[in-house]
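Heads up, the thing below is written out as structure tokens.
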Protein chains: 2
Amino acid sequence: MARKPLTNPRKHASQERSRATVDALIEATARILILEGFDRASTNRIAERAGVSVGSLYQYFPGKDALVAAVIDRHRQELGEVARSALQKASGQPIKQAVRTLVAAAIEAHRIDPRLHRVLAEQIPRTGRLEKVETFSRENYALFRAYLERHSDELRAVDLELASFVCVTSIEALTHSAVLHNPAMLSDDAAVKAFIDETTRLIVGYLQ
Amino acid sequence: MARKPLTNPRKHASQERSRATVDALIEATARILILEGFDRASTNRIAERAGVSVGSLYQYFPGKDALVAAVIDRHRQELGEVARSALQKASGQPIKQAVRTLVAAAIEAHRIDPRLHRVLAEQIPRTGRLEKVETFSRENYALFRAYLERHSDELRAVDLELASFVCVTSIEALTHSAVLHNPAMLSDDAAVKAFIDETTRLIVGYLQ
DNA sequence: GCAGAATACGAGCGATCGCTCGTGTTCACT
DNA sequence: AGTGAACACGAGCGATCGCTCGTATTCTGC
């Protein structure tokens, strides 16, 4: 069997210093994405900012896309934790309360690292190996659908498939747009409450 | 006064053949964006596909961004016509009917050139001179708000600002996502009707 | 028919990109 | 102290990019 060229990325960083190198590279990638944008995020620049040589970069990542993908994954995991814990909390609540919980969590999630979130949403070409950004909303979608199934006695007769799509898409779009494009809309606690009230009304009114 | 270098783009194409050149360039840009994506849309490739030399390209466009901006503008104008005519048609209708009209128009608009729309939405880095894509939704937003003002007696007491945001953002996100990411959701007339029904219910339920 | 303006051409410059590879350095283990 | 594996280095290759500029062609007005 032909052995793969040794210059390609080594699977695992076993020693501690290499672990640090990998972390530094991911962190540097995130910083550059935020500060300079996707176009200016070259491998040379990333390596330089990480205090590492390009050669080392290519020991652990097969290319630029892999770096960006790692940043996306890290960010997604953080969002995922917020989403999952919110859905767990909501699972025991009646619909109205549950929707409030989810909307509040959606805002919270979008506030984890808004600048990075914005770059990932607006500058990463969703093509080739980098299109898995949407996988995330599929997950939320399935989880929300499961909630609706368990609480179907509280709602009007709905097509679960369609209803989940409508709710998740709307909540995601509203919070995303509010946090990233209309920050004034969430400028203080009162405004945030008003936003949550309205979004909750939208969703609950639709489901019941 | 320092005169600008003559090599820079000339303002107007006065002769007919240059008019054709400009059109060919815009059309070629759109085609390449669709077929090859934003990254592969180089000025050389665009010129080649347009059957024109790079030199000519730079006579009429200061750079790649201007080409893409022209494509965006052309597309936006087409969408704008659909949106404006729908809002005009809706202006005399009661809310429920009006929302149906608008949702149907939103789907229609997203179907004008879905592949181009997708590229513009997903691959164009919304940075630098190319971030005006969102200007469009601002326009819709204002027009919809005007409708709500004229029909405020038909709805519950609402914050017009907030309500317009919620409605326009939701409709746009739902139709966009349905047309581009869930084509199965609009596969036949019955499915389209179901989608319009649900979206209308969402919005009308919220406004009343 | 002619002059000059408008239009079109395309080789190629300088910059940057992703990435390789030969070499030097540090670690783990004896 | 010695050895091989793991890790780090960075000059530089080949490709591509956006764009320029000297030249050739076509149109317009007289």
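Naming convention: chains lettered A, B, ... in sequence-line order (proteins, then strands); numbering from 1 in each chain.
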From dG18(C), dC19(D), dA8(D), nucleotide with atom closest to Y58(B) side chain: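 Looking only at heavy atoms from C-beta outward on Y58(B), the closest nucleotide is dC19(D).
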Out of dA8(C), dC19(D), dA8(D), whichever nucleotide has its closest atom nearest the side chain of Q59(A):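 Of the options given, the side chain of Q59(A) lies nearest dA8(D).
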Over how many whole Å does the gap from [X] atom [atom1] to [N] atom [atom2] extend?
{"X": "Y60(A)", "N": "dA8(D)", "atom1": "OH", "atom2": "P", "answer": "4 Å"}
{"X": "D65(A)", "N": "dC17(C)", "atom1": "CG", "atom2": "C1'", "answer": "13 Å"}
{"X": "L57(B)", "N": "dC21(D)", "atom1": "CG", "atom2": "P", "answer": "16 Å"}
{"X": "R19(B)", "N": "dC27(D)", "atom1": "CZ", "atom2": "C1'", "answer": "17 Å"}
{"X": "F61(B)", "N": "dA8(C)", "atom1": "CZ", "atom2": "C1'", "answer": "15 Å"}

Hey, is the side chain of T43(A) poking within less than 4.0 Å of OP1 or OP2 on dG18(C), counting only N and O atoms?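 Affirmative; the distance criterion is met.
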Can you tell me if the side-chain N/O atoms of T21(A) get under 4.0 Å from OP1 or OP2 in dC7(D)?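 T21(A) to dC7(D) OP1/OP2: no side-chain N or O under 4.0 Å.
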Could I get the full list of side chain to side chain contact (heavy atoms under 4.5 Å, CB included) partners for D188(B), not counting sequence neighbours?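 D188(B): side chain to side chain contact (heavy atoms under 4.5 Å, CB included) contacts with A190(B), A191(B).
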Among residues 24-35 of chain A, which contact DNA chain C at a heavy-atom distance under 4.0 Å?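 The answer is none.
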For R74(B), run the side chain to side chain contact (heavy atoms under 4.5 Å, CB included) check against I26(B), T29(B), D113(B) and tell me which one passes.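 Going through the options one by one, the only one that passes is I26(B).
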Show every salt bridge (charged side-chain N to carboxylate O under 4.0 Å, His left out) that has at least one partner inside residues 36-56 of chain A, sequence neighbours left out.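 Passing the test, one end in residues 36-56 of chain A: no pairs.
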Interatomic distance, E81(B) atom CD to R84(B) atom CZ [nearest 0.5 angstrom]: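 Result: 6.5 Å between the selected atoms.
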With rounding to the nearest 0.5 Å, note down the distance linking CD1 in I72(A) to CG in L120(A).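 Output value for this atom pair is 5.5 Å.
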Going 5' to 3' along nucleotides 10-16 of chain C, which nucleotides have protein heavy atoms under 4.0 Å from the base (write B), which only from the sugar-phosphate (write S), and which from neither (write -)? BB-----
Under the side-chain hydrogen bond (donor to acceptor under 3.5 Å, both in side chains) test, residues paired with R150(A) that sit two or more places apart: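 For R150(A) there are no side-chain hydrogen bond (donor to acceptor under 3.5 Å, both in side chains) partners, ignoring immediate neighbours.
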Residues which pass side-chain hydrogen bond (donor to acceptor under 3.5 Å, both in side chains) with E161(B), listed by chain and number, not counting sequence neighbours: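 Partners of E161(B) by the side-chain hydrogen bond (donor to acceptor under 3.5 Å, both in side chains) criterion, ordered by chain and then number, come out as Y141(B), R145(B).
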For the residue pair H110(B) and H176(B), categorise the inter-ring angle as parallel (less than 30°), tilted (30 to 60°) or perpendicular (more than 60°).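 Answer is perpendicular, since the angle exceeds 60°.
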Looking at every strand, decide which applies to A41(B) at a 4.0 Å heavy-atom threshold: base, sugar-phosphate, or nothing.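 Answer is sugar-phosphate: A41(B) comes under 4.0 Å of backbone atoms only.
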Quick one: do the H117(B) and E78(B) side chains pair a donor with an acceptor below 3.5 Å?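 Result is no, nothing qualifies.
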